[in-house]
Amino acid sequence: MTHIPAAPAAVDYLLLTPGPLSTTATVRAAMLQDSCTWDADYNQGVVEPIRRELVRLATGPEYQSDYSAVLLQGSGSYVVESVLGSAIGSDECLLIINNGAYGARMGEMARCLGLRHHELDCGETTRPEPAAIEAMLARHPEITHLAMVHCETTTGMLNPLDEVAELCQRRGILLIVDAMSSFGGIPIDMGHLGIEFLISSANKCIQGVPGFGFVIARRVALTACAGRARSVSLDLHAQWQTMEQQGGKWRFTSPTHTVLAFAQALRELDEEGGIEARHQRYSENQRTLVDGMAALGFAPLLPEKWQSPIITAFYSPTHPDYRFADFYQRLKAQGFVIYPGKVSQADCFRIGNIGVVTPERVRDLLAAMASACYWQGDAR
Ligand SMILES: *Cc1c(COP(=O)(O)O)cnc(C)c1O
């Protein structure tokens with residue numbers, strides 16, 4: 001007799017989360033097939049086209065031959081750890097820009113891996129200032145690499161990637177970008193910005209399902225990772241070499257169903273009109289959300305100039321009867337799943353715009369929101 005309960009009845013909640021997020025039925029349907037990880041139909045037919053497409057999405061034609069893509073099992077953090085643990089040599093030094101939970105996690109990884117590193121703690125609700133970064137680099141000439149999150153999902157802040165990339169190029173610092181929650185939803189040209197490593201995962205703006213992440217990196221930077229890894233499974237160079245030399249083969253068991261879903265998600269990104277069109281949709285979602293929330297009395301945590309189109313943090317109501325758990329359940333009962341806050345100095349909740357979310361669905365959410373504000377009593 002099994003003790004595993006029956007699967008919960010399928011409910012199509014709209015996930016307003018930073019991933020896993022709501023996917024299309026066609027992306028989910030792509031998983032209804034088993035693949036052999038040794039066979040060319042899977043490796044040459046699915047994995048290799050994905051790797052080429054990721055490079056095409058990440059940079060213009062003039063730089064494409066300089067870059068290569070590596071897919072790696074695990075959630076996004078595994079890939080960040082693989083890059084940090086493989087890219088920084090024992091005689092090199094990393095600067096980590098920390099303005100939220102994901103920057104802080106890179107610091108935790110650097111400590112655990114025993115990397116020579118410095119951290120620039122910028123606080124969660126102020127933008128990392130390029131001048132402060134440059135001053136840090138000037139004080140510490142031993143720094144060779146800089147790692148920064150692009151969209152800090154903790155707050156929804158868009159960090160100043162263009163300016164930081166420019167100063168890294170000017171000073172000869174190798175740039176590692178955690179673009180987990182932005183790649184596919186915000187245009188980025190790696191070659192133009194001179195980015196060495198860019199990291200993202202299957203279940204964010206490409207709108208696939210969870211199970212693996214990926215790195216797009218300069219070939220010379222990947223080559224330099226040889227023999228540097230502090231972990232067997234997270235050895236980025238070994239994973240890359242296996243994919244390069246064995247036509248898309250993964251070193252260890254690959255998440256085949258997730259990869260099929262990802263291939264379908266890439267086709268659907270193209271059908272939508274590419275990253276530019278997706279960026280427009282997310283931006284319109286975000287504007288619709290903030291305007292509608294303001295009308296309901298909710299203020300965003302960040303000033304508009306720092307806000308990304310990916311996810312928005314709102315201050316929690318200060319009314320003594322407000323409880324996030326009750327508010328959450330009232331929205332969930334109407335088919336909408338929101339996200340708790342993660343900022344340490346402010347009480348917030350978050351609403352994501354990514355995944356199968358349109359301005360129409362945001363308006364539906366706002367209508368549900370109006371009836372979920374139970375603490376406002378008879379006023380609603
Ligand atoms: C989602 C995310 C990650 C990775 O998180 P996992 O839970 O490991 O997938 C890393 N950085 C940022 C900015 C993210 O949004």
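Both counts, for ligands and for their atoms, begin at 1 and track the order of listing.
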Review point. Can we call the ring centroids of F214 and F183 under 6.0 Å apart?
Key: yes
Practice item. Please report which non-hydrogen protein atom sits nearest to atom 6 (P) of ligand 1, along with the residue it belongs to and the distance in Å to one decimal place. Key: S75 OG, 3.4 Å
Point to revise | Under 3.5 Å side-chain donor-acceptor pair for T242 and W250 | key: no
Point to revise | Protein residue, atom and distance nearest to atom 9 (O) of ligand 1, heavy-atom basis | key: G76 N, 3.1 Å
Review point. Would you call E81 and R105 a salt bridge, taking side-chain N to carboxylate O under 4.0 Å as the test?
Key: no
Review point. Salt bridge or not for R287 and E304, using N-O below 4.0 Å?
Key: no
Check your understanding: For ligand 1, does K204 get within less than 4.0 Å through its side chain, its backbone, both, or neither, judged by non-hydrogen atoms?
Key -> side chain
Check your understanding: Does Y78 reach ligand 1 with a nitrogen or oxygen that is under 3.5 Å from one of the ligand's nitrogen or oxygen atoms?
Key -> no
Point to revise | Any R105 heavy atom less than 4.0 Å from ligand 1 | key: yes
**Study point:** S181 versus T153, side-chain donor and acceptor atoms under 3.5 Å
**Key:** yes
Practice item. Check whether the side chains of Q286 and T312 place a donor and an acceptor atom closer than 3.5 Å, and report yes or no. Key: yes
Practice item. Output the list of atoms in ligand 1 that are nearer than 4.0 Å to some heavy atom of S181, sorted by atom number. Key: 15 (O)
Check your understanding: Backbone or side chain, does any N or O of V80 fall under 3.5 Å from an N or O of ligand 1?
Key -> no
Check your understanding: Looking only at protein heavy atoms, which one is nearest to atom 3 (C) of ligand 1, and how far off is it?
Key -> M180 CG, 3.4 Å
Exercise for review: Enumerate the atoms of ligand 1 whose separation from the nearest heavy atom of V149 is less than 4.0 angstrom.
Suggested key: 13 (C)
**Study point:** Nearest-neighbour protein heavy atom for atom 11 (N) of ligand 1, which is reported as residue plus atom name and distance
**Key:** D178 OD2, 2.7 Å
Exercise for review: For ligand 1, find out whether one of its N or O atoms is nearer than 3.5 Å to an N or O atom of S201.
Suggested key: no
Study note, to complete from the structure: If we number the atoms of ligand 1 from 1 as shown, the ones under 4.0 Å from a heavy atom of S77 are 4 (C), 5 (O), 6 (P), 8 (O)
**Study point:** Lys/Arg N to Asp/Glu carboxylate O, R278 vs E276, below 4.0 Å
**Key:** no
Point to revise | Electrostatic pair E119:R111 at N-O distance under 4.0 angstrom | key: yes
Point to revise | Within-cut-off N or O pair, T153 and ligand 1, under 3.5 Å | key: yes
Review point. C151 near ligand 1, heavy-atom distance under 4.0 Å?
Key: yes
Exercise for review: Show the numbers, then the answer: is there a side-chain hydrogen bond (donor to acceptor under 3.5 Å, both in side chains) between T24 and E268?
Suggested key: CA-CA 9 Å; T24 61; E268 294 180 11; 2.8 Å; yes
Check your understanding: Would you call E284-R281 a salt bridge at under 4.0 Å N-O?
Key -> no
**Study point:** H150 heavy atom under 4.0 Å from ligand 1
**Key:** no
